[in-house]
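Numbers here simply count residues along the sequence, with the first being 1. Nothing here was measured: the structure is a model prediction, and the numbers come from that model.
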Amino acid sequence: MKTLTSIVIWVYWCFLFLFFFILISIVFLATFPFDRYRKIPNWVLSYLGVGLLKSSPNWNISIEGQEKYDSDQPTIFVANHQSFLDMALIYHLPWQMKWVSKRSMLYFPVMGWLVWLTGHLTINRGSKTALKRLENLVKPLKDHVPVMIFPEGTRSLDGDIRAFKNGPFLLSLEHGFAIQPIVIDGGYDAFPSGAKSFKMNVNFRISVLDSIDVTTFSGLEPLKKHVRSLMIDELSRLRSEPKLPEQSQ
């Protein structure tokens, strides 16, 4: 039964991706002359994220702390990375972000094309030019377009938070951008890295933590260590408490 249900979900996902690719292509062509950061195509893409997590009636989502985001403050969001579903999950937050993803995403048909059409930044992890590529985020950040980066660089293989890369923290320190952690849970349970089938009963959690003023830190390592410690503690809290009814979808 689990295998059959997973096949149905995969077929449903393929339909969603094709439908939204066509829709976003049309939106992109209609808006690119005036939509500098491709906000409108990205807004349409958020509905794909919502649709993906409608795959199972027993997937529930709870969101905490979304009121902590100050849209007047240039912000780099950092989140832990458990699953392919994480992007769809974070798209449930009520603001649009410019995402940073690995360059290889562009080579996936439809999915990679959507990344390009919606104006997200891709980088080669470990490349000498990766940090330089992140400088392309400075202009949108200064124009109050928030940025979303997974500081682990790739999905966790056990659901726990891995070591962080330097990129988002160096960028924030150099330009004084706030860092705001997002902690998510449930993606690893539902669809871990390498899985082909889905777990049907999952409570997804999103917790937006307080914004961090990076100017109070002496350097990269103290900032990175502080943020990772906050996120580990929050993930532990989420796992120890029942699903909150604050905002379920």
Side-chain angles (χ1 to χ4, degrees), residues 9-10 12-29 32 35 37-53 55 76-93 95-141 145-157 159 161-168 171 182 184 187-188 190-196 198:
I9 290 176
W10 279 114
Y12 167 65
W13 278 18
C14 288
F15 168 79
L16 276 183
F17 272 102
L18 287 172
F19 173 79
F20 275 93
F21 170 65
I22 295 169
L23 178 60
I24 290 172
S25 296
I26 295 170
V27 172
F28 168 77
L29 290 173
F32 83 90
D35 187 5
Y37 297 122
R38 304 186 193 177
K39 291 181 180 180
I40 299 174
N42 193 29
W43 172 75
V44 177
L45 185 63
S46 69
Y47 286 93
L48 170 60
V50 172
L52 290 174
L53 288 182
S55 303
I76 299 174
F77 286 95
V78 292
N80 57 312
H81 197 6
Q82 296 184 342
S83 166
F84 167 80
L85 293 173
D86 295 341
M87 295 181 72
L89 184 61
I90 295 174
Y91 262 119
H92 284 72
L93 291 170
W95 59 83
Q96 300 306 312
M97 296 177 276
K98 185 172 284 293
W99 291 70
V100 177
S101 59
K102 57 186 179 180
R103 177 64 62 85
S104 59
M105 284 281 289
L106 294 177
Y107 305 123
F108 286 90
V110 182
M111 189 184 303
W113 304 335
L114 286 170
V115 169
W116 184 84
L117 287 169
T118 50
H120 299 305
L121 182 71
T122 60
I123 61 173
N124 284 323
R125 293 197 306 260
S127 167
K128 293 180 180 179
T129 63
L131 290 176
K132 185 177 293 186
R133 284 276 295 165
L134 289 180
E135 289 292 324
N136 291 328
L137 299 172
V138 172
K139 179 60 177 172
L141 279 163
V145 177
V147 165
M148 173 67 235
I149 300 177
F150 292 119
E152 295 164 280
T154 189
R155 288 169 289 178
S156 168
L157 297 179
I161 296 177
R162 298 157 53 103
F164 283 176
K165 307 293 186 182
N166 294 335
L171 190 66
I182 298 174
I184 53 182
Y188 179 78
F191 191 57
S193 178
K196 296 181 180 179
F198 303 87

- Evaluate the side chain to side chain contact (heavy atoms under 4.5 Å, CB included) criterion for residues S25 and L117: first the C-alpha distance (whole Å), next the side-chain angles of each, then the deciding distance (0.1 Å), finally the verdict. CA-CA 7 Å; S25 296; L117 287 169; 3.5 Å; yes
- Task: Go through K39 and V145 one step at a time and tell me if the side chain to side chain contact (heavy atoms under 4.5 Å, CB included) criterion holds.
- Result: CA-CA 9 Å; K39 291 181 180 180; V145 177; 3.6 Å; yes
Please name all residues satisfying side chain to side chain contact (heavy atoms under 4.5 Å, CB included) with [X], sequence neighbours left out, ordered by chain then number.
X: Y188; value: Q82, P192
X: T122; value: S101, R103, L106, V115, R133
X: F108; value: M111

Donor-acceptor pair, distance only, cut-off 3.5 Å: does the side chain of [X] make one with the backbone of [Y]?
X: D86; Y: S83; answer: yes
X: N42; Y: M97; answer: yes
X: K98; Y: P140; answer: no
X: N80; Y: I184; answer: yes
X: H120; Y: W99; answer: yes
X: E152; Y: H81; answer: yes

- Message: Run the ring pair (Phe, Tyr, Trp, His ring centres under 6.0 Å) test against F77 and tell me which residues pass, sequence neighbours left out.
- Response: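 Partners of F77 by the ring pair (Phe, Tyr, Trp, His ring centres under 6.0 Å) criterion, ordered by chain and then number, come out as Y69, W95.
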- Message: Going by ring pair (Phe, Tyr, Trp, His ring centres under 6.0 Å), name the residues that satisfy it together with W116, two or more places apart in sequence or in a different chain.
- Response: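 Once residues adjacent in sequence are excluded, the partners of W116 under the ring pair (Phe, Tyr, Trp, His ring centres under 6.0 Å) criterion are F28.
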Mind checking the [atom1]-[atom2] spacing from [X] to [Y]? Nearest 0.5 Å is all I need.
X: I24; Y: L29; atom1: CD1; atom2: CG; value: 12.0 Å
X: L23; Y: L18; atom1: CG; atom2: CG; value: 12.5 Å
X: F17; Y: Y12; atom1: CZ; atom2: OH; value: 11.0 Å
X: L93; Y: M148; atom1: CG; atom2: CE; value: 9.5 Å
X: I76; Y: L134; atom1: CD1; atom2: CG; value: 8.0 Å

Of all heavy-atom pairs between [X] and [Y], which one has the smallest distance, and what is that distance?
X: A79; Y: I90; answer: CB-CD1, 3.9 Å
X: L16; Y: L52; answer: CD1-N, 3.8 Å
X: L114; Y: F20; answer: CD2-O, 4.0 Å
X: H92; Y: G49; answer: CE1-O, 3.7 Å

- Message: Just so I know, are the side chains of F150 and V78 near enough to count as touching, which here means a heavy-atom distance under 4.5 Å?
- Response: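 No, every pair of side-chain atoms sits at 4.5 Å or beyond.
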- Message: Between V27 and D35, is there a side-chain heavy-atom distance shorter than 4.5 Å?
- Response: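 Heavy-atom side-chain distance check fails, nothing below 4.5 Å.
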- Classify the angle between the aromatic ring planes of F191 and W10 as parallel (below 30°), tilted (30 to 60°) or perpendicular (above 60°).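 Taking W10 first and then F191, their aromatic rings stand perpendicular (interplane angle over 60°).
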- Query: Who pairs with K139 by salt bridge (Lys or Arg N to Asp or Glu O under 4.0 Å), at least two apart in sequence or on another chain?
  - Reply: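 K139: salt bridge (Lys or Arg N to Asp or Glu O under 4.0 Å) contacts with D143.
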- Flag yes if more than 12 heavy atoms outside W13 fall under 6.0 Å of its CH2 atom; otherwise flag no.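 Correct, the count exceeds 12.
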- Task: Might you confirm whether atom CZ of F15 has over 12 heavy atoms from other residues, nucleotides or ligands at distances under 6.0 Å?
- Result: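 No, the 6.0 Å shell around CZ holds no more than 12 heavy atoms from other groups.
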- Query: Are F84 and R155 close enough, and set up right, to give a side chain to side chain contact (heavy atoms under 4.5 Å, CB included), and what steps lead you there?
  - Reply: CA-CA 8 Å; F84 167 80; R155 288 169 289 178; 4.1 Å; yes
- Taking it one step at a time, do F198 and S55 satisfy side chain to side chain contact (heavy atoms under 4.5 Å, CB included)? CA-CA 10 Å; F198 303 87; S55 303; over 6 Å; no
